[in-house]
Amino acid sequence: MQLNNPELLKNASFINGQWLTSETVFEVENPANGQIVGTVSEVTPGQLEMAVNSAYAACEVWQSKTVDERAVILKSWNDLIRDNQQDLAQIMTAEQGKPIHEAIGEVAYGASYIEWYAEEGRRIKGSVLPNNQQGRRALVQQTPVGVVSAITPWNFPGAMLLRKASAALAAGCTFIVKPSELTPFSALALAELSLQAGIPPGVFNVVIGSNAQPIGEVLTLHPKVAKFSFTGSTAVGKKLLSQCASTVKKTSMELGGNAPFIIFEDADIDKALDGLMRSKFRNAGQTCVSANRIFVHQSLHDELVERLRLMVSELTIGDGQDETTQIGPLINLKAVEKVEKLVAQAVTSGAKLVLGGEKIKNSGYFYQPTILTGVKPFMDIFNQEIFAPVASIIAFEQEDQVIQLANQTNYGLCSYAYTNNANRIWRLSEKLAFGMVGINEGVLSNALAPFGGIKESGMGREGGHWGIEEYLETRYVCIGNVE
Ligand code: NAP
């Protein structure tokens, strides 16, 4: 990697403003070529305890600052991230594999949350209630919850961290995050910039390890941690949620998805294809909001499949560092094996392979962009997150039928529909059982809007004023005997 600012490449946990190494290290691999991006120190149990204690102690320092002072520091962090956008993107692409232009976009997207929350911190407000008894006054305050711990996934190694940390810090909380062992360098680079921005020691900490379970136990069980925020799979989220129960922590869970993408007979087919390409193939299909089940009205089915085939077959596959790459590798061999199995099972059960369907034999973890038609609800590919560049297509005839099929999942993160019927738009916005509904739009997320799911896709929201409320307690103060 040729970085303008080599200082960004760190190899140890960042705790209480210091880089703490240990005797054990592990390697991080570039999924595009199997080469080693670098080695990182494993956090020790003592260092983890130190992270919690320093975050706990730093609450006083951070909360003693005025909101204006916190806003200035957060804005400086935002500015530094934007100034180092290219380097941060390079680091991200090297460890995660996504095309460099997507990594550049992710850095800007992550920073936009800091920018938003630096201001939103100023809008936290309590209230004074009207008196309903003589001599009494009632106030409601909104106070920071305290120490926040977080665990984030590899698919958006910068943005998933920043969506949480920005809101937590703006609320006056301190923060400890464990990024995925597959993508630690992006988080560590953000930590270096937090130091340069003047975020005080202990306020923002990054702990690194290749064995997630014991680290997760500290972050979910420790009594000094007040709130736990997770982004990752539903299976791991359920386990961590149950661990949080022992100390009744506040929790936010951003979990998996199984997004329907519905194209009705009255849709603008050009716009639908554009939205579908962006929703399905961004990050090689490794997004929680990726179109997982594509429902196409029978009358458009053949035309849409053919046009999609032409568009998908032109996608440029390769190392994300190459500017022309549109589809990078999957994250690891396990991910390739999972999609191979899903596609094989679908084809054996009657789905038709229109394009792709094989891993690409090179030194990285590449899978061909793939189109399947004739997918049925009993197939695993209908019910599981595909997390790969596989478009799984189902034909439908009736609106009621497709809504019922779209909702036929335990997930409830994101859904999409393309139609030009105004009444239908209202019906869909009310009947699709998902935390997010995109109508005639394939990419929804931004710092102003509430991102999050219902059902087994989680609880809590990131973005907008909803995001900061996740890090605030509501406290009622009653003052009696006022004369
Ligand atoms: P994952 O396997 O659940 O891992 C997520 C994080 O949890 C990683 O940091 C992982 O660490 C850690 N982890 C795994 N097992 C753990 C344990 N027993 N105790 C403590 N921590 C543990 O998910 P993933 O494969 O990284 O990410 C993909 C999933 O995230 C998908 O389901 C996707 O839909 C979801 N996601 C959701 C959103 C959203 O906003 N709703 C956004 C992005 C992704 P290691 O990696 O170090 O093992």
Side-chain angles (χ1 to χ4, degrees), residues 13 26-29 31 40 42-43 48 95-96 98 106 109-110 113 149-164 176-187 206-222 228-244 251-259 282-292 330-332 334-335 338-339 384-388 409-415 434-436 444-445 449-463 467 470:
S13 293
F26 68 94
E27 292 177 337
V28 177
E29 191 186 12
V40 200
E42 296 270 4
V43 70
L48 263 182
E95 64 181 356
Q96 201 277 337
K98 67 179 60 185
E106 180 179 339
Y109 168 79
Y113 282 80
S149 67
I151 295 182
T152 51
W154 50 264
N155 64 340
F156 289 93
M160 296 303 98
L161 186 163
L162 290 176
R163 281 204 321 211
K164 298 179 192 305
I176 310 164
V177 61
K178 187 210 86 69
S180 168
E181 62 170 311
L182 303 170
T183 55
F185 290 116
S186 295
V206 182
V207 294
I208 303 292
S210 64
N211 187 0
Q213 189 175 327
I215 303 173
E217 281 169 7
V218 174
L219 298 184
T220 53
L221 298 175
H222 204 296
F228 176 65
S229 179
F230 178 70
T231 299
S233 63
T234 295
V236 173
K238 284 180 184 176
K239 185 173 184 292
L240 298 175
L241 194 55
S242 71
Q243 288 174 202
C244 287
T251 53
S252 295
M253 293 279 149
E254 295 285 351
L255 307 178
N258 182 2
R282 194 163 54 107
N283 203 7
Q286 302 170 109
T287 84
C288 53
V289 291
S290 181
N292 214 54
L330 297 184
I331 189 68
N332 55 21
K334 207 168 125 199
K338 178 187 159 186
V339 66
Q384 293 183 19
E385 272 189 298
I386 304 171
F387 244 57
T409 171
N410 291 337
Y411 292 106
L413 188 58
C414 195
S415 54
F434 295 83
M436 294 174 283
L444 319 183
S445 179
F451 189 104
I454 60 172
K455 294 159 72 178
E456 293 190 16
S457 288
M459 56 179 85
R461 293 293 180 272
E462 291 178 346
E470 300 285 327

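Keep in mind that the numbers below use all heavy atoms, side chains included, and drop hydrogens, waters and symmetry copies. Atoms within a ligand are numbered from 1 in the order they appear, just like the ligands themselves.
Contacts of ligand 1 (protein heavy-atom distance under 4.0 Å) are Ile151, Thr152, Pro153, Trp154, Asn155, Met160, Arg163, Lys178, Pro179, Ser180, Glu181, Ala212, Gln213, Gly216, Phe230, Thr231, Gly232, Ser233, Val236, Lys239, Leu240, Glu254, Leu255, Gly256, Gly257, Cys288, Glu385, Phe387, Leu413, Phe451.
Between Ile454 atom CD1 and Asn410 atom CG the span is 11.5 Å, to the nearest 0.5 Å. Distance check: Phe387 CZ to Thr287 OG1 gives 6.5 Å after rounding to the nearest 0.5 Å.
Judged as a side-chain hydrogen bond (donor to acceptor under 3.5 Å, both in side chains), and not counting sequence neighbours, Gln384 has no contacts. Under the salt bridge (Lys or Arg N to Asp or Glu O under 4.0 Å) criterion, Glu456 pairs with Lys238, not counting sequence neighbours. Residues passing the salt bridge (Lys or Arg N to Asp or Glu O under 4.0 Å) test with Glu462, sequence neighbours excluded: Arg163, Lys164.
By the 30° and 60° cut-offs, the orientation of the rings of Phe230 relative to Phe228 is parallel.
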